[in-house]
Every structure is written in structure tokens, then in C-alpha cells.
There are 2 protein chains.
Amino acid sequence: MTAPKHGKETSGTRDRILIEASRLLSTNGYRGTTTREIAAAVGISQPSLFFHFSNKRAIVEELYRRDLVPAVAGLENLIVAEASPAAKLFALIQGETTRILDSPYDMRAHISYEALNDPDLAPFRELIRQFDDLTNLIIRSGQESGQFDAGDPWLAQQMVSGFLARANLFVLSDEVRRQSHPEEAAALILRGLLSDPTTLDEVRSEAAALLARYVPDVPTPPD
Amino acid sequence: MTAPKHGKETSGTRDRILIEASRLLSTNGYRGTTTREIAAAVGISQPSLFFHFSNKRAIVEELYRRDLVPAVAGLENLIVAEASPAAKLFALIQGETTRILDSPYDMRAHISYEALNDPDLAPFRELIRQFDDLTNLIIRSGQESGQFDAGDPWLAQQMVSGFLARANLFVLSDEVRRQSHPEEAAALILRGLLSDPTTLDEVRSEAAALLARYVPDVPTPPD
DNA sequence: CAATCAGCCTATCAAATGATAGACTACATG
DNA sequence: CATGTAGTCTATCATTTGATAGGCTGATTG
């Protein structure tokens with residue numbers, strides 16, 4: 001359980017734990033991140049963590065919940081929208097990159113290979129798989145409609161996924177880049193996929209109308 | 001030191017350790033991979049590892065040495081070649097993907113974020129940085145020559161790097177994909193970058209002549 | 001045959017790790 | 001004032017981890 005040992009949390013420490021843990025998880029991985037490291041990053045003693053979270057896994061579960069659940073929900077919104085597959089993919093890349101950049105949590109870990117294998121994180125594997133499958137679905141329907149070149153949709157999906165997995169490196173770049181990158185990145189990837197690259201600007205415009213469907217509100221601390 | 005405790009190794013166990021360790025490192029990370037897990041995967045007792053390698057770190061160092069040193073060398077070969085930047089990038093993506101696929105080691109770990117941070121792996125960070133910088137150099141010279149669209153070269157580089165980081169997922173795919181993926185992947189990425197996408201086939205042909213410069217021999221066991 | 005050595009094994013160690021228990025402090029409330 | 005509670009702390013525990021030490025076996029060589 002992620003419920004605090006006691007009543008209502010007011011200190012903000014719980015959220016600081018999530019933020020610091022997300023950074024450590026992204027660089028050290030789940031098993032490679034110790035509770036002592038998290039505690040030190042937050043500035044509390046290691047056993048204090050267990051006032052806020054029942055165990056180490058609960059920290060990670062909460063992070064995944066805040067990241068993957070909105071992402072999959074947003075992607076599902078895109079799937080049902082009345083728009084071309086290319087616009088959907090554009091919106092996905094732009095929206096997801098924006099979302100990652102705007103998140104207080106460093107969510108690189110969400111797509112790490114480790115996450116796909118650790119027994120503790122098994123419940124979240126399904127969510128990652130869903131995200132990938134829905135991406136693949138958009139690509140395939142783009143190919144069926146002729147908007148995208150024929151080719152292995154899986155390969156295109158790897159290009160998207162690989163790129164998004166690095167989206168958090170953008171947080172290390174300057175503000176000018178941060179503003180332009182989501183859209184520029186989407187354009188770069190789409191240009192590689194479109195059968196007719198001259199349609200890119202149309203796609204871009206169409207995608208702009210879709211963005212609100214994708215970018216969920218940044219998760220707020222609970223309660 | 002990576003020298004065995006005793007004389008000449010003949011059993012092949014050392015190489016099996018490297019292979020199994022590479023897989024575990026790719027999925028669990030360095031700190032998350034225990035020597036007991038490696039030993040179990042090889043089918044020996046945990047302390048037996050230390051007959052073959054002086055410590056855990058030495059295993060990883062050897063893997064990095066086999067992976068990164070040839071990659072950077074191959075990339076340096078491409079840089080000095082008389083060829084267009086686009087052909088160089090095409091050859092890089094195709095060649096690196098091929099090399100990863102042909103390697104007996106699962107080299108996903110080489111580009112993990114963890115690798116960029118663990119103090120034990122610091123000496124290899126420089127090699128990774130070199131690989132990235134040389135990739136960036138090719139992209140930038142493609143932009144200067146007009147072959148590639150203007151845009152943030154860093155962004156293009158992230159797309160390449162992100163994709164290559166996932167290249168090892170291809171080992172999980174069927175043989176038909178394995179054969180076509182390196183070239184198809186390169187084409188997909190280049191199409192997104194080229195100012196004139198109609199030049200793609202020329203680039204592809206030019207790159208074919210470059211490949212021998214990039215793909216180093218798969219490392220053989222030492223001694 | 002004896003000696004040597006590669007390549008393992010079991011037992012063990014020191015240190016690290018996630019977690020528990022009890023205590024303490026500061027603050028809010030009745 | 002007393003009481004309750006959030007939120008920390010130190011001390012400690014059981015387990016895990018990388019590594020060492022000593023021993024054993026089988027194959028090879030002289």
C-alpha cells in the first residue's frame with residue numbers, strides 16, 4: 001500500500017521523495033537505486049522513507065502510476081479522435097515529449113529495459129506494452145491509408161519509442177530547445193515516414209488541434 | 001586486471017561469462033546484476049567467477065572494451081572517408097545495427113543511462129561521448145553541405161542514438177527482419193533528414209561502398 | 001607413477017541493503 | 001495544560017552481495 005502510516009501528509013516530503021527517486025531510478029535503475037540514496041537526496045534518514053511509503057516498490061509504483069496511466073489514457077484519446085494517422089502520430093510525439101518535459105518527475109526509467117524485466121515491476125509491463133501497441137496501431141493505419149511508406153511498422157515504432165526514451169535528455173538542454181523540441185522532433189520523425197513529405201505542414205496543423213487530447217494535466221500530489 | 005588468476009584459459013567459460021553477463025547487464029543494469037545471477041546463468045558457482053575475472057567491474061570493462069572500442073574506431077574510419085555526410089550516416093546506422101546484431105554479446109547496456117553515471121564505468125563514458133560527438137559531426141557537416149535539413153543537430157543525433165540504443169531488440173525478431181532491418185532503419189532515419197528525399201537511393205548506394213569501413217570484425221576471445 | 005595446474009567447489013567474511021521498532025520533537029487542538 | 005499525531009531520528013535486524021581462502025578433481029606432462 002502507498003497509504004502513509006499515519007493520517008494526512010502535509011509536509012511535501014512524500015512528493016520530494018518521488019521526484020528524487022525518479023531521478024535516481026532513471027540513472028541507476030530500480031535495483032541499483034538504494035533507499036539510502038533516495039533518503040540522502042531528499043535529506044532525511046533512510047528509515048524515514050518508510051513513514052511515507054510502505055516499501056521501496058511502492059515508491060516506484062506510484063511513479064509509474066503517475067506516468068504511464070495518463071500516457072496510455074492520452075494515447076487512447078488520440079486513437080479514437082477523428083484525424084489522420086499522421087496527425088495522430090505527430091501529436092503523440094509532440095505531446096509525449098512535452099508531457100515528459102513538463103513533468104516534475106524524471107521519467108526516463110519508464111521505458112528502460114530493466115523495467116521490462118524486474119519482477120517487482122511486472123504489473124506495469126502491461127501498460128508499457130499497451131503504449132507500444134497503440135503506437136504501432138497508428139503507424140499501421142497510416143500505412144494502410146497510404147499516408148506512410150510501406151515498411152516494417154515495428155521498425156518505425158522502435159524509432160519513435162527509442163526517441164521518446166531519450167526525451168528526458170531534453171531537460172538538460174536550454175529553454176529555447178525545450179520550447180521547440182517537441183514539435184521539431186515530431187516533424188523530423190514524420191518526415192521519415194510520410195509517403196509524401198510535402199504534406200508535412202498539413203499534418204502539423206492537423207496535429208495542433210489534437211494536442212489538447214493528448215497532454216494530460218501534470219499529476220498533482222494526491223490528498 | 002582482467003588477467004586470469006592462473007595461466008591460459010581454455011575452457012570457454014570466460015567467454016560464456018561475458019555473454020551471459022552482457023544479457024543480464026542489459027536488462028538489470030550494472031548495479032542490479034549480481035555476481036550470483038551471472039554465475040547461475042553460466043552454470044557455475046558464484047565464487048568461480050573470480051577465477052576468470054578479478055572482480056565484477058572487470059567483466060563489464062571487458063564487455064565495454066569489446067563493444068565501444070571497435071565502434072568508435074569504425075566511426076572514425078567513416079569520418080575520414082571520401083564520401084558525403086548522408087552516406088556516412090547511412091553507413092553508420094546500417095553498420096552499427098549490423099554489428100550489434102552480429103555480436104555474441106547483448107550490448108544494449110552500452111548506451112544505458114546508468115552507464116553514463118556509475119563511477120565504476122567512468123572510463124567508458126568518454127568513449128560513449130566520442131561516439132555521440134562523431135555522430136553529431138556527421139550530421140552537422142550534412143547540414144552545412146545542404147544535404148540535410150537545417151535543424152538542431154543535437155535533436156537528430158538523439159533520434160539516431162535512441163534508435164541504436166534499441167537496436168538490440170532486433171535480436172528478438174525473426175531472421176527476415178534481422179537481414180533487412182539495418183538498411184531499412186538507415187533509410188527511414190535518413191529520409192527524415194535529407195533536404196531532398198529523392199536522393200535517398202544514391203545515398204544508399206554510396207553508403208554500401210562504405211560499409212566495409214565501419215563493420216569491424218566481431219571480437220574474438222583473447223589469447 | 002608424481003607433479004602440476006586449470007577450473008571448479010564449499011565455507012566464510014565484511015559490508016551493504018530494505019525494513020522494523022522504539023524514541024523524540026514540534027505543532028495543533030481541546 | 002494534556003493529548004495526539006506528523007514526521008523525523010538512532011539502533012538494530014535479517015538478508016544479500018562481492019569477494020577471499022582453502023580444498024578437490026580431472027587432465028596433462030615428464
Side-chain angles (χ1 to χ4, degrees), chain A residues 1-22 24-25 27-63 114 118-121 221-223, chain B residues 1-22 24-25 27-63 109 114 117-121 221-223:
Chain A
M1 290 300 105
T2 57
K5 280 181 179 175
H6 304 114
K8 210 172 190 36
E9 284 230 20
T10 57
S11 66
T13 300
R14 192 170 188 274
D15 206 59
R16 281 190 295 113
I17 291 168
L18 289 169
I19 289 168
E20 294 299 334
S22 76
L24 289 163
L25 288 161
T27 56
N28 300 329
Y30 176 56
R31 285 166 68 173
T33 298
T34 67
T35 56
R36 283 169 173 82
E37 285 174 313
I38 298 170
V42 175
I44 56 176
S45 71
Q46 181 258 347
S48 301
L49 288 181
F50 299 95
F51 173 81
H52 302 272
F53 294 92
S54 53
N55 53 42
K56 181 181 172 185
R57 172 182 166 166
I59 300 174
V60 177
E61 283 180 339
E62 182 62 22
L63 283 168
E114 183 191 19
D118 199 279
D120 274 4
L121 307 178
D223 299 334
Chain B
M1 291 297 103
T2 57
K5 279 184 177 175
H6 303 115
K8 209 174 189 42
E9 283 229 21
T10 56
S11 67
T13 300
R14 192 169 188 274
D15 207 58
R16 280 191 295 118
I17 292 168
L18 288 169
I19 289 167
E20 294 299 335
S22 74
L24 289 163
L25 288 162
T27 56
N28 299 330
Y30 175 57
R31 286 164 69 173
T33 298
T34 68
T35 54
R36 282 170 173 83
E37 284 173 314
I38 298 170
V42 175
I44 58 176
S45 73
Q46 180 257 349
S48 301
L49 287 180
F50 300 95
F51 174 79
H52 301 272
F53 293 93
S54 55
N55 53 43
K56 180 181 171 183
R57 173 183 165 163
I59 300 174
V60 177
E61 283 181 341
E62 181 62 23
L63 282 168
E114 185 192 16
N117 287 285
D118 199 279
D120 273 2
L121 306 178
D223 303 332

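Chain letters run A, B, ... following the sequence lines, proteins first, then strands; residues in each count from 1. What you see is a predicted model, and the numbers here were worked out from it, not measured in a lab.
Here the side chain of B:K56 is nearest to one of C:dA21, D:dT8, D:dA19, namely D:dA19. Candidate nucleotides C:dG18, D:dT8, C:dG7 were compared by shortest atom distance to the side chain of A:Q46, and C:dG18 ranks first. Comparing C:dG18, D:dT10, D:dA19 by their nearest atom to the side chain of B:N55 picks out D:dA19.
Counting to the nearest Å, the P atom of D:dT5 and the NE2 atom of A:H52 are 17 Å from each other. Taking atom OH of B:Y30 as the reference point, atom P of D:dT17 lies 14 Å away to the nearest angstrom. Atom-to-atom, CZ of A:F50 to P of C:dA23 comes out at 21 Å; the value is rounded to the nearest Å. Rounding to whole angstrom units, CZ of residue A:F51 and P of C:dA19 are separated by 17 Å. In this structure, A:F53 atom CZ and C:dA19 atom P are separated by 13 Å, rounded to whole Å. Distance CG (A:D15) to P (D:dG7): 13 Å, rounded to an integer number of Å. Atom pair B:R14:CZ and C:dC8:C1' shows a separation of 16 Å (rounding to whole Å applied). A straight line from CD1 of B:I38 to C1' of D:dG18 spans 11 Å, rounded to a whole angstrom.
A salt bridge does not link A:E20 with A:R16: none of the charged nitrogens is closer than 4.0 Å to a carboxylate oxygen. A:R31 and B:E37 are joined by a salt bridge, as a carboxylate oxygen and a charged side-chain nitrogen come within less than 4.0 angstrom of each other.
Distance check, rounded to the nearest 0.5 Å: CG of A:L49 to CZ of A:R14 gives 11.5 Å.
Both tests hold for A:K56 against A:Y30: distance to the six-membered ring centre under 6.0 Å, angle to the ring axis within 45°.
Distances shown here put a side-chain N or O of A:S45 below 4.0 Å from the OP1 or OP2 atom of D:dC9. For the pair A:S48 and D:dG7, the criterion of a side-chain N or O lying under 4.0 Å from OP1 or OP2 is not met. The shortest distance between the side-chain N/O atoms of A:T35 and the OP1/OP2 oxygens of C:dT17 is not below 4.0 Å.
The residue among A:G43 and A:R36 whose nearest nucleotide of DNA chain D lies closer to the 5′ end is A:G43.
B:T34 comes within 4.0 angstrom of sugar-phosphate atoms only, judged by non-hydrogen atoms across all strands, and of no base.
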> Where do A:L63 and A:V60 land on the side chain to side chain contact (heavy atoms under 4.5 Å, CB included) test, with the steps shown first?
Replying inline: CA-CA 5 Å; A:L63 283 168; A:V60 177; 5.5 Å; no

